[in-house]
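A short worksheet on the structure shown next.
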Amino acid sequence: MVHWKTLALGLLSFAASTLAAPVADLSERSSVVCYVIVKGAPTTAITPGTAVTGLELARSSTGAVTLAASGFETLISYSNGGFGEFAFCHYYWLNIGTSTHSYKPLSWGYDDEETKTWSAGAGQIVTALGTSTYSATSTFLACNQSGSWVLYLQTGSDVPSGVTCVKTQLQVGTTASPP
């Protein structure tokens with residue numbers, strides 16, 4: 001049974017101790033303060049007739065960029081050409097890696113925005129703008145690796161050997177999914 005008076009006094013005591021804390025201590029308490037989760041629209045694979053149609057941009061338990069039945073559904077930032085998903089007071093920035101192949105590995109940078117050549121917005125197709133090594137593209141390659149659809153940026157026609165891959169595009173949604 002919850003003792004509301006005890007709980008209320010405890011919360012007031014915590015708030016008072018937080019307010020009375022020196023300003024230099026705020027950085028140490030920042031992880032305690034940030035619990036706001038802002039719902040956002042998922043980014044989904046939209047190419048009809050493929051095994052990945054309708055799957056959402058996600059981060060696997062190993063940190064890989066994947067497509068999954070339930071992906072990120074939090075606020076997306078397009079800051080300075082980046083593409084970041086906000087989760088638990090941090091951003092996971094979608095970064096493009098280097099490769100001699102035309103399929104470029106993607107990674108999530110935890111508060112590390114390395115790639116600033118994305119073009120995206122609500123309701124838009126996600127596009128990697130051209131660089132000195134490849135032209136602008138909105139084509140992604142989803143490859144089934146050990147049961148997960150791992151995502152690559154496709155800048156040509158190469159595909160990884162020994163795995164099933166499909167080409168797709170990603171579209172940022174316009175409304176948040178219901179809770």
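For the numbers below, each heavy atom of this structure counts, side chains included, while hydrogens, waters and symmetry mates do not.
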Using side-chain heavy atoms (C-beta onward) and a distance below 4.5 Å, is [X] in contact with [Y]?
X: Q124; Y: V172; value: no
X: F140; Y: L67; value: no
X: L57; Y: F83; value: yes
X: S60; Y: V150; value: no
X: T168; Y: T53; value: no
X: Y92; Y: R59; value: yes
X: Y103; Y: T155; value: no
X: H101; Y: Y152; value: no

Value rounded to 0.5 Å, distance of [atom1] in [X] from [atom2] in [Y]:
X: K116; Y: N95; atom1: NZ; atom2: CG; answer: 10.0 Å
X: L151; Y: L94; atom1: CG; atom2: CG; answer: 8.0 Å
X: K104; Y: I96; atom1: NZ; atom2: CD1; answer: 10.0 Å

Between [X] (side chain) and [Y] (backbone), is there a donor-acceptor pair under 3.5 Å?
X: S102; Y: S157; value: yes
X: Q171; Y: A45; value: no
X: T66; Y: W149; value: no
X: T127; Y: S138; value: no
X: W108; Y: A58; value: yes

- Task: Assess the side chains of E56 and S70: does a donor N or O sit below 3.5 Å from an acceptor N or O?
- Result: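 Their side chains do not contain a donor-acceptor pair, so the 3.5 Å distance test is not met.
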
- Task: Decide whether W118 and I46 are clustered together by the hydrophobic rule: side chain heavy atoms of Ile, Leu, Val, Met, Phe, Trp, Tyr closer than 4.5 Å, transitively.
- Result: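 Each belongs to a different hydrophobic cluster.
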
